[in-house]
Amino acid sequence: MATKDPQATQLARLAGLVADETRAACLLALLDGRAWTAGELARHAGVAASTLSEHLGKLVGGGLLTEERQGRHRYVRLADERVAQLVEDLAAQVSPGAVRRPRNLRESSAGSAMARGRTCYDHLAGRLGIAVTDALTSRGLLRQDTGFALTEAGLGWFDAAGIPLDRSGRRPLARGCLDWTERRPHLAGVSGAALCRHALEAGWCVRIGSERAVKVTSAGARALGELLGIEAGALG
């Protein structure tokens, strides 16, 4: 009798955690990088709080989520950047034709906003993320021919723009993340996270709605135009 491959067992368990619509809805919502309460996720997924609590227990137990309690509130977030990458990569495999069409104008508007610009865990995605990635590449600041990598000029650009990069950890400085709406990779990794954080803190972008959508402000359009030569029409 053949011995079971323990890695296969673990992979099957991981797939089983994601292979549930309620748990998948929670993972997608948490791609905004923020901590959500169990009640917020229950309303988002359209299930009872007791049902959601059971699902969260499985996701936390499986290592996909971490939790913390403040008073009577239970907050959860994605465990780390690797989990975010896994969820985004899986979402990118869904055929565009398989996605349900919006039922009303509100859903259509929300979907359009997400496609224009959003956060993918801790970096920029959508057309905004692609525009920034393309601009960095065309200016010789980012290489994509042998995988994503910042050039020496790119490292200098981040320094000159006042966007510090933490090089002390194991996370790569630059990584390509397949964009599920644009079907092309956008910038992730340390540099992608630093750029997104700076864009939000400097007021280049602001969050809109209750999901991950962001929009570029007039100040952001000027800054991205000056720093990367991105035309305003490519940002909206």
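Below, each value reflects all heavy atoms present in this structure, side chains not excepted, and no hydrogens, waters or symmetry copies.
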- Passes side chain to side chain contact (heavy atoms under 4.5 Å, CB included), Thr66 versus Asp80? Steps please. CA-CA 9 Å; Thr66 59; Asp80 52 34; over 6 Å; no
- Query: Can you hop from Val60 to Leu64 via hydrophobic side chains spaced under 4.5 Å?
  - Reply: yes
- Rounded distance (nearest 0.5 Å) linking atom CD1 of Ile230 with atom CG of Leu136: 7.5 Å
- Note on the structure: To the nearest 0.5 Å, atom CG of Leu14 lies from atom CD of Gln7 at 11.0 Å
- Going by heavy atoms in the side chains, are Cys205 and Leu128 under 4.5 Å from each other? yes
- Message: A quick test of your reading: do over 12 heavy atoms of other residues, nucleotides or ligands sit less than 6.0 Å from CD of Gln10?
- Response: yes
- Message: So which atom in Cys177 and which in Cys120 form the shortest heavy-atom distance, rounded to 0.1 Å?
- Response: SG-SG, 4.0 Å
- Query: Taking all atoms of both residues into account, what is the closest heavy-atom pair of Ala221 and Val216, and its distance?
  - Reply: N-CG1, 3.4 Å
- Contact summary for Pro164 and Gly162, nearest pair of heavy atoms: CD-O, 3.4 Å
- Task: Kindly give the heavy-atom pair with the smallest separation between Arg171 and Ala193, and that separation in Å.
- Result: NH1-CB, 3.9 Å
- Message: On a heavy-atom basis, which atom in Arg77 and which in Ala35 lie closest, and how many Å separate them?
- Response: NH2-CB, 3.4 Å
- Message: Within the 4.5 Å heavy-atom criterion, are Thr51 and Thr22 side-chain neighbours or not?
- Response: no
- Task: Would you mind reporting whether Val83 and Leu30 have side-chain heavy atoms less than 4.5 Å apart?
- Result: no
- Verdict with supporting geometry, Ser191 and Leu165, side chain to side chain contact (heavy atoms under 4.5 Å, CB included): CA-CA 6 Å; Ser191 57; Leu165 300 178; 4.0 Å; yes
- Kindly indicate whether the side chain of Leu65, heavy atoms from C-beta on, has any atom under 4.5 Å from the side chain of Leu78. yes
- Item | By ring-ring contact (aromatic ring centres under 6.0 Å, His included) - contacts of His55 (at least two apart) | none
- To the nearest 0.5 angstrom, please state how far the CG atom of Asp89 sits from the CZ atom of Arg82. 14.0 Å
- Pairs in or reaching into residues 121-175: which pass ring pair (Phe, Tyr, Trp, His ring centres under 6.0 Å), with residues at least two apart or in two chains? His123-His186
- Task: Look at the side chain of Asp134 and the backbone N and O of Thr137, then say whether any donor-acceptor pair between them is shorter than 3.5 Å.
- Result: no
- Task: With side chain to side chain contact (heavy atoms under 4.5 Å, CB included) as the test, would you mind laying out the steps for Lys215 and Arg116 before giving the verdict?
- Result: CA-CA 8 Å; Lys215 70 175 181 179; Arg116 284 194 299 272; over 6 Å; no
- Message: Taking Leu31 as the starting point, is it possible to reach Val18 by hopping between hydrophobic residues whose side chains are less than 4.5 Å apart?
- Response: yes
- Atom pair CG/CG of Leu86 and Leu90 - distance to nearest 0.5 Å: 4.5 Å
- Task: Show your reasoning for whether side chain to side chain contact (heavy atoms under 4.5 Å, CB included) applies to Arg13 and Thr9.
- Result: CA-CA 6 Å; Arg13 288 176 180 171; Thr9 301; 3.9 Å; yes
- Task: Heavy atoms only: give me the nearest Leu28-Val87 pair and the separation to one decimal.
- Result: CD2-CG1, 3.9 Å
- Query: Quick one: CZ on Arg74 to CG on Leu56, what's the gap to the nearest 0.5 Å?
  - Reply: 5.0 Å
- Do the non-hydrogen side-chain atoms of Thr133 and Asp179 ever get within less than 4.5 Å of each other? no
- Item | Within-4.5 Å side-chain heavy-atom neighbours: Arg184 and Gln144 | no
- Item | side-chain hydrogen bond (donor to acceptor under 3.5 Å, both in side chains) involving Ser168 - partner list, sequence neighbours excluded | Asp166
- Message: Within the 4.5 Å heavy-atom criterion, are Glu54 and Lys58 side-chain neighbours or not?
- Response: yes
- Determine whether Leu228 and Leu173 fall in the same hydrophobic cluster, where Ile, Leu, Val, Met, Phe, Trp and Tyr are linked whenever their side-chain heavy atoms lie under 4.5 Å apart. yes
- Applying the 4.5 Å side-chain criterion to the ILVMFWY set and letting contacts propagate, would Val132 and Ile163 be lumped into a single cluster? yes
- Any donor-acceptor N/O pair, Arg23 side chain to Leu59 backbone, under 3.5 Å: no
- Flag yes if Leu141 and Trp204 sit in one hydrophobic cluster, no otherwise; membership is Ile, Leu, Val, Met, Phe, Trp, Tyr, and two members link when side-chain heavy atoms are under 4.5 Å apart. yes
- When rounded to the nearest 0.5 angstrom, what distance separates CG in Leu195 from CG in Leu227? 9.5 Å
- Are there more than 12 heavy atoms of other residues, nucleotides or ligands under 6.0 Å from atom CZ of Arg139? yes
- With a 4.5 Å heavy-atom cut-off, do Leu155 and Arg167 have their side chains touching? yes
- Query: For Arg118 and Thr181, what are the C-alpha separation, side-chain angles and deciding distance, and is it a side chain to side chain donor-acceptor pair (under 3.5 Å)?
  - Reply: CA-CA 11 Å; Arg118 65 182 182 278; Thr181 53; 3.1 Å; yes
- Is the backbone of Thr119 close enough, under 3.5 Å, to the side chain of Arg212 for a donor and an acceptor to pair up by distance? yes
